[in-house]
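Okay, structure first, notes after.
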Amino acid sequence: MKRLFAAAALALSAGMAQADDGTVTYTVDQAFDDVVFGLENAVLSQGLVIDSVSHTGDMLERTKADVGSDVTIFLKADIFSFCSASLSRKVMEADPMNVQFCPYDIFVLQFPDSPDQTTIGYRQYPDGPMKEVEALLDEIAREAVGMD
């Protein structure tokens with residue numbers, strides 16, 4: 001019963017937004033490092049390996065003065081890239097131009113005005129075979145924050 005209550009509370013505290021800009025995000029009241037840990041485990045549970053992590057937030061903060069800015073955009077922002085050999089083959093056999101979407105990315109970030117919340121998300125893909133990749137990304141993102 002406690003587990004059911006905790007899951008319901010988490011679902012209520014997590015917000016989902018499909019923005020007009022083509023992204024899907026989930027914002028939760030969890031620490032950045034906890035969401036990253038959840039993401040790493042969710043990727044591994046799919047039998048996938050994270051190929052790279054781009055520390056975009058660190059780069060933007062480190063270079064802000066160099067480009068004439070004093071704005072802190074993110075407290076933290078990382079982008080995790082990975083691929084699925086079987087799924088990539090499937091979508092590229094359907095349309096070789098789907099190569100443009102590989103590797104697949106999920107981002108995790110925190111904004112300065114909401115330091116107690118973490119957002120995880122990914123970009124949406126076009127209709128057709130890439131929707132299967134999008135479903136995988138959604139499954140991973142939801143699992144990362146305990147919404148599975």
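Values below: all heavy atoms of this structure, side chains included; hydrogens, waters and symmetry mates excluded.
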Item checked: Steps toward side-chain contact (heavy atoms from CB on, under 4.5 Å) verdict (E134, M130) -> CA-CA 6 Å; E134 188 176 315; M130 289 305 297; over 6 Å; no
Checklist line | Worked check of side-chain contact (heavy atoms from CB on, under 4.5 Å) between F82 and L137 | finding: CA-CA 10 Å; F82 52 92; L137 296 180; 3.6 Å; yes
Next item on the list: Please test E61 against K64 for salt bridge (Lys or Arg N to Asp or Glu O under 4.0 Å), starting from the C-alpha separation and ending with a verdict.
Entry: CA-CA 5 Å; E61 189 64 20; K64 71 181 178 184; 2.7 Å; yes
Next item on the list: Check the pair Q46, S84 against side-chain contact (heavy atoms from CB on, under 4.5 Å), reporting the backbone distance first and the verdict last.
Entry: CA-CA 9 Å; Q46 293 288 332; S84 164; over 6 Å; no
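In the hydrophobic clustering of this structure, V24 groups with V43; members are Ile, Leu, Val, Met, Phe, Trp, Tyr whose side-chain heavy atoms approach within less than 4.5 Å, directly or through other members. L87 and M97 sit in two unconnected hydrophobic clusters of ILVMFWY residues. Membership requires side-chain heavy atoms under 4.5 Å apart, directly or through other members. Using a 4.5 Å cut-off between side-chain heavy atoms of Ile, Leu, Val, Met, Phe, Trp and Tyr, with links allowed through other members, V53 and V36 fall into the same hydrophobic cluster. Connection of L75 to L60 is not established within any shared hydrophobic cluster, with ILVMFWY side chains joined at heavy-atom distances below 4.5 Å, either directly or through further cluster members.
In terms of the side chain to side chain contact (heavy atoms under 4.5 Å, CB included) criterion, residue partners of V71 (sequence neighbours excluded) are, by chain and number, S69, I73.
We find the CG-OG distance between L48 and S86 to be 8.0 Å, quoted to the nearest 0.5 Å. Note that CG of D33 is 4.5 Å distant from NZ of K76, once rounded to the nearest 0.5 Å. The line from OG of S45 to CD1 of I140 is 7.0 Å long, rounded to the nearest 0.5 Å. We find the CG-CZ distance between D105 and F80 to be 11.0 Å, quoted to the nearest 0.5 Å. The OG1 atom of T72 sits 8.0 Å away from atom CG of D70, with the distance rounded to the nearest 0.5 Å. Atom CD1 in I79 sits 10.5 Å away from atom NE2 in H55 (nearest 0.5 Å).
Within the 3.5 Å criterion, the main-chain N or O of V145 finds a donor-acceptor partner in the side chain of Q30. Put simply, the side chain of R142 gets close to the backbone of M147: a donor and an acceptor are under 3.5 Å apart.
At a threshold of 4.5 Å between non-hydrogen side-chain atoms, the residues D51 and C83 count as touching. Side-chain atoms of I106 and I120, non-hydrogen and from C-beta on, do get closer than 4.5 Å to each other.
Residue pairs meeting the ring pair (Phe, Tyr, Trp, His ring centres under 6.0 Å) criterion with at least one member in residues 97-119, sequence neighbours excluded: F74-F111, F101-Y125.
The two residues K90 and E132 come nearest to each other via the heavy atoms NZ-OE1, 2.8 Å. The shortest heavy-atom contact between V35 and A144 is O-CB, 4.2 Å. Nearest heavy atom pair, residue M92 against residue C102, reads CE-CB, 3.7 Å.
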